[in-house]
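We number each residue from 1, following the sequence as shown. The figures that follow rest on heavy atoms only: side chains count, while hydrogens, waters and symmetry mates do not.
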Amino acid sequence: MRSTQALGLTALLVAKVLASCQEGYECCSSCNVIYTDDDGNWGVENDQWCGIDEEKCSGSGATEKCFSSKLGYPCCTSTTDVITEDEDGKWGLENGDWCGIQETSAAEEDDCGEYGCCAHCNAIYEDEDGLWGVSNGEWCKIKKNCSASATTTKSNNTKTTKPTSQGVTRTTLENGGVLESGVFTTLPPSHTQPPYPHAENTGLASCGAKWTLVDNVCVAMYCEDDLSSENCDECGGVAGENGCVAVDSSLCKSGIWEEVHDAQDQPWKFSRSTHFGLTYGGACGFGLYGLCTTKYNETGELCMRFCDKYPDLCADPPNISLRGNFCAPNGNYYTQFWSSLPGDYDNYLSCGECYEVERTQPDGSSYPEGEGTDNILLQVVDSCPCTANAKWCCGSGVDHCNEIDFKYGCPIPEGSWHVDLSDIAMSRLQTNDPYGGMVDGVIPIRYKRVPCPVKGNIHVWLRPGAGQWYFALTVVNVANMGSLVAVEVQQSDGQWVPLVRDPNYSTTRPQERYGSWTVKQGTGPFTTPMNMRFTDSAFNTLTAEGAIQSFGDVDDDMYDFYYIDTGVQFPMP
């Protein structure tokens, strides 16, 4: 007699919510188990969690097709991995229980490649390679003899988040948020960023007279014999003629940076910093967040009212100066493509990430102890787009190093990005004082990614005019990773709906994409109070119940800057 071996063969979709077959959620129509916890077995159908009907799935309908049913064990439905074999047949494990692996005839054999064939016909995605499913927490190909009956769930032509067999933890935090941490693995290697779509150099897609269209994106130009030039006005204005050089188009696209899923123990990188003033109109759409600070009172009366209404968003963490220290990286870092996320273009932005920055000596070395200035902490709130600033924001190879007197950090070393700073941050790096002034316009630095030690909860800046059918928002003050890869809201009918990045931008200028989240067309209605879910770039998902209590009061003097305390926050490592 076999004993049951308890294995942690659990799986998690990023959009998972706690489900029950008996109460509040539908039962699955199939018996395909992809996750198990104390409440039972769960599956996914139509992108929603459903409870496994234990009575149906433990009966004859689920076990009559293989040898183990006669011995009192079910057939395997989500795995073909053979754990052991005896005189009865081949045995696997599902959800800690032994199950019989159904033998396939030669006629059923398919060439499913490196992913292998599924042991079931439950397809959740279709692409040019065929139908795909999930078995044992891994992508698998649906066999050809399933095609006639396979049911396919698709969403915007992208695979749903792939579950894993590495386990999952679910924790209810003291603030009431539900934190789910699992292991999120990438989509199949074939998921790569396609070429940018063709766009005529006219209308909203026009590059204008100062830039040119290369590989369907607008790129900067400069005169080869004048490294101070920002365009080709002095050498004819036509790329490729009379010494007019077009910037490499790869520097004006996304997708060249590796994915980072942990903000701890990141390496130092060398670069240089310029400064761009003080603004609440940054590409991340953070508004007054990051700009307003109680330690720097020259940001105006509007900031004073903001800090009075939202004190946590203006206050620094203990013993750290953060507010007012913001930065803008290269546009091709601000807008990125991650193959582990759905979508074909620019599906991850760096908004909210935090960095420790040190001003170095001209040769890249640190100042001796007692000299130099203190390191500061920065948060990304904007982008430094190549198309608007060829001199500094187009990456190594187009640097104007003849204008400065240090060599290390100009040109930018391989794998680094240009760090454009707020005036507050630049003054602190030069004088240890936000009012100290800026003697130098460009300074050598080194920087590294760090967890964000923000004060208070996650807040949502809800734009004016929000209602049950449409709204736009930005999520700010995210701790630890700082950045988000997914934001979801719950419709009136209980369905979770992913928001999308603002689509109103020209495809010829991908770096200038605006960082707000908007309602996807065809969804709604949405009513308040409304639940929200946030997934950070470490693929931890945090649920906030009743996050949005109202769509705002038009008579409120801060209606244009309506920041909502969601009541939850990601824990620091």
Side-chain angles (χ1 to χ4, degrees), residues 12 14-18 168-182 184 260-264 284-290 292-294 306-307 309-323 325-326 349-356 377-381 449-462 473-490 496 499 515-517 529-549 561-573:
L12 174 69
V14 168
K16 179 193 176 296
V17 294
L18 180 62
V168 58
T169 60
R170 184 173 62 246
T171 306
T172 300
L173 305 176
E174 291 184 3
N175 55 29
V178 178
L179 179 69
E180 294 172 307
S181 301
F184 184 103
V260 176
H261 304 294
D262 189 345
Q264 301 180 88
C284 291
F286 279 5
L288 297 177
Y289 174 77
C292 298
T293 170
T294 53
F306 174 83
C307 291
K309 193 174 185 68
Y310 311 109
D312 279 353
L313 299 188
C314 288
D316 283 325
N319 305 315
I320 295 174
S321 291
L322 174 64
R323 308 305 189 194
N325 295 342
F326 52 86
L349 282 78
S350 57
C351 295
E353 293 180 353
C354 290
Y355 292 86
E356 182 181 352
L377 206 63
L378 294 173
Q379 197 162 26
V380 174
V381 304
R449 178 86 178 268
V450 295
C452 288
V454 298
K455 182 177 176 59
N457 295 322
I458 294 173
H459 282 61
V460 170
W461 177 23
L462 190 64
L473 56 83
T474 307
V475 184
V476 303
N477 211 46
V478 177
N480 191 9
M481 296 303 294
S483 53
L484 298 176
V485 298
V487 176
E488 300 165 276
V489 293
Q490 199 166 29
W496 285 100
L499 300 183
S516 63
W517 299 88
M530 183 168 26
N531 300 334
M532 297 190 71
R533 282 202 303 233
F534 311 103
T535 301
D536 68 13
S537 48
F539 302 118
N540 298 312
T541 297
L542 183 60
T543 300
E545 294 188 359
I548 298 179
Q549 292 290 319
F561 295 97
Y562 178 41
Y563 287 75
I564 300 168
D565 187 338
T566 66
V568 300
Q569 183 59 275
F570 286 99
M572 286 291 285

> Does Val460 reach the side chain of Val487, with side-chain heavy atoms less than 4.5 Å apart?
Replying inline: no

> Leu377 versus Pro317: any side-chain heavy-atom pair under 4.5 Å?
Replying inline: no

Measuring from atom [atom1] of [X] to atom [atom2] of [Y], what distance do you get when rounded to the nearest 0.5 angstrom?
X	Y	atom1	atom2	value
Leu313	Asn477	CG	CG	5.5 Å
Tyr289	Phe306	OH	CZ	9.0 Å
Met532	Leu542	CE	CG	10.5 Å
Phe286	Phe326	CZ	CZ	11.5 Å
Gln569	Glu174	CD	CD	13.5 Å
Tyr562	Ile548	OH	CD1	8.0 Å

Does the [X] side chain pair with the main chain of [Y], one donor and one acceptor, at a distance under 3.5 Å?
X	Y	value
Asp312	Lys455	no
Glu545	Asn531	no
Asp565	His459	no
Asn480	Pro451	no
Arg533	Thr543	no

>> Give me the atom names and distance for the closest heavy-atom approach of Arg449 to Ser483.
In response: NH2-OG, 3.9 Å

> Where is the tightest heavy-atom contact between Cys284 and Thr474, given as atom of each residue plus distance?
Replying inline: O-CG2, 3.6 Å

>> Would the pair Cys292 and Cys314 meet an SG-SG distance criterion of under 2.5 Å?
In response: no

>> Less than 2.5 angstrom apart at the SG atoms, yes or no, for Cys452 and Cys354?
In response: yes

> Does the side chain of Thr535 pick up a donor-acceptor pair with the side chain of Thr541 at under 3.5 Å?
Replying inline: yes

> Would you call the rings of Trp461 and Tyr563 parallel, tilted or perpendicular if under 30° counts as parallel and over 60° as perpendicular?
Replying inline: parallel

Can you name the residues that form a side chain to side chain contact (heavy atoms under 4.5 Å, CB included) with [X], not counting sequence neighbours?
X	answer
Ala544	Phe534, Ala547, Thr566, Val568
Asp536	Met481, Leu484, Ala538, Asn540, Phe570
Pro529	Gln549

